[in-house]
Amino acid sequence: MVGKRTDYLSWDEYFMAVALLSGLRSKDPNTQVGACVANSQNKIVGVGYNGFPWGCSDDELPWSREGNYLDTKYPYVCHAELNAVLNSISYDLRDCRIYVALFPCNECTKVIIQAGIREIIYLSDKYADTDSVRASKIMLDKSNTSYRQFTPDRESILLHFSQ
Ligand SMILES: Nc1nc(=O)n([C@H]2C[C@H](O)[C@@H](COP(=O)(O)O)O2)cc1CO
Ligand SMILES: [Zn+2]
């Protein structure tokens, strides 16, 4: 009897990979973030990446990190998690998980909690020492929304367009 493949992706690897793949759509030259929302049946209900709002051209708004606030990306960019929730095919995200490349900021955390998402699985926490992420963790703890870091068992996943 031929047994099953053994190196197939786990659900966590699969959804995190979809998040990372989505992040490759981002035009942000510094930080590309992708997010993937999966429901309790392990169906993907939303994906997103960081980018400017509809109709706001990447050629007209700045991707700068420094300078006058209005000349930076920060007031304009929609975060990956916000887009994943807004792009969702389901209005009710209760009991869903969100996979995201970077720990959510305080604004996205509010969106995640209010949408009813019950768990955040993140890869990087590179802004852990900011008040934004501290505020996120305060709200997550109070609302009993769990979060855990994704610890991969493999270094990378390779995709080949030529089979
Ligand atoms: N969780 C997040 N999701 C996101 O989509 N972002 C976006 C906003 C910016 O486009 C970029 C961060 O830019 P920088 O400050 O690392 O150059 O990532 C940022 C965070 C961090 O909280
Ligand atoms: Zn955010």
Side-chain angles (χ1 to χ4, degrees), residues 11-39 44-152 156-157:
W11 286 119
D12 274 359
E13 287 171 326
Y14 175 53
F15 297 129
M16 189 57 85
V18 169
L20 292 175
L21 186 68
S22 306
L24 296 182
R25 282 277 311 148
S26 174
K27 324 269 190 331
D28 190 320
N30 192 58
T31 304
Q32 302 81 42
V33 186
C36 173
V37 181
N39 70 13
I44 293 174
V45 294
V47 288
Y49 56 88
N50 53 327
F52 294 134
W54 284 114
C56 300
S57 163
D58 288 278
D59 299 321
E60 288 163 21
L61 288 177
W63 278 114
S64 325
R65 308 182 72 225
E66 278 153 19
N68 293 328
Y69 186 55
L70 291 182
D71 296 328
T72 71
K73 62 186 169 182
Y74 295 110
Y76 312 111
V77 72
C78 298
H79 290 192
E81 304 92 312
L82 177 68
N83 281 332
V85 169
L86 293 176
N87 290 344
S88 168
I89 56 168
S90 161
Y91 174 71
D92 189 353
L93 298 182
R94 259 177 295 178
D95 293 332
C96 285
R97 289 113 69 202
I98 187 165
Y99 290 79
V100 61
L102 187 55
F103 201 97
C105 75
N106 62 311
E107 292 301 332
C108 290
T109 293
K110 295 175 200 172
V111 170
I112 289 168
I113 294 170
Q114 295 302 73
I117 291 175
R118 72 166 162 79
E119 187 177 28
I120 296 166
I121 301 99
Y122 62 96
L123 201 52
S124 159
D125 197 7
K126 70 172 177 173
Y127 293 131
D129 59 355
T130 63
D131 281 345
S132 170
V133 170
R134 284 193 196 100
S136 293
K137 289 172 183 168
I138 291 171
M139 290 186 279
L140 293 169
D141 291 341
K142 288 192 185 304
S143 65
N144 284 324
T145 309
S146 53
Y147 48 95
R148 63 181 163 90
Q149 190 158 32
F150 175 68
T151 40
S156 60
I157 296 171

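Just follow the structure's listing: the first ligand is 1, and inside any ligand the first atom is 1.
With the Zn ion (ligand 2) at the apex, His79 ND1 and Cys105 SG define an angle of roughly 110° (rounded to 10 degrees).
A 4.5 Å side-chain heavy-atom check between Glu81 and Ile112 finds at least one atom pair inside the cut-off. Using a 4.5 Å heavy-atom cutoff, the side chains of Phe103 and Thr130 are not in contact. Residues Val77 and His79 are in side-chain contact: their nearest non-hydrogen atoms beyond the backbone lie under 4.5 Å apart. The shortest side-chain heavy-atom distance between Val47 and Asn87 does not fall under the 4.5 Å cut-off. With a 4.5 Å cut-off on side-chain heavy atoms, Ile120 and Pro104 count as touching. At least one side-chain heavy atom of Leu123 sits under 4.5 Å from a side-chain heavy atom of Met16. Considering only heavy atoms from C-beta on, Asn83 stays 4.5 Å or farther from Asn50 through its side chain.
Near Tyr127, meaning under 4.0 Å from any of its heavy atoms, are these atoms of ligand 1: 14 (P), 15 (O), 16 (O). Interface of Tyr74 with ligand 1, defined as ligand atoms under 4.0 Å from a residue heavy atom, comprises 14 (P), 15 (O), 17 (O). Against a heavy-atom cut-off of under 4.0 Å, Asn30 is close to the following atoms of ligand 1: 14 (P), 16 (O), 17 (O). Which parts of ligand 1 touch Cys105 is read off a 4.0 Å heavy-atom cut-off, strictly below it: atoms 1 (N), 22 (O).
The nearest non-hydrogen atom to atom 21 (C) of ligand 1, considering only Thr130, Val133, Leu102, comes from Leu102.
A cation-pi arrangement is not found for Lys27 relative to Phe52, the charged atom failing to lie both closer than 6.0 Å to the ring centre and inside a 45° cone about the ring normal.
Of all protein heavy atoms, the one lying nearest to atom 13 (O) of ligand 1 is Lys73 NZ, 3.0 Å. Remark: minimum distance from atom 5 (O) of ligand 1 to any protein heavy atom is reached at Ala80 N, 2.9 Å. Scanning all protein heavy atoms for the shortest distance to atom 7 (C) of ligand 1 gives Asn50 ND2, 3.5 Å. If you check which protein heavy atom lies closest to atom 12 (C) of ligand 1, you get Thr31 CB, 3.7 Å. Looking only at protein heavy atoms, the nearest one to atom 3 (N) of ligand 1 is Glu81 OE1, 2.9 Å.
The distance criterion of under 3.5 Å between nitrogen or oxygen atoms is met by Phe103 with respect to ligand 1. Distances between N or O atoms of Trp63 and those of ligand 1 include no value under 3.5 Å. For Cys78, no nitrogen or oxygen atom sits less than 3.5 Å from a nitrogen or oxygen atom of ligand 1, counting backbone and side chain alike.
Between Ser124 and Gln149 the shortest heavy-atom distance is CA-NE2, 4.4 Å.
Not a single heavy atom of Cys108 sits closer than 4.0 Å to an atom of ligand 1.
Contacts of His79 with ligand 1, taken as heavy-atom pairs under 4.0 Å, involve both backbone and side chain. For Asp28, every heavy-atom contact with ligand 1 shorter than 4.0 Å involves the side chain, none the backbone.
When ring centroids are compared, Trp63 and Tyr76 stay outside the 6.0 Å threshold.
Ser143 OG to Lys110 NZ: the interatomic distance, rounded to the nearest 0.5 Å, is 13.0 Å.
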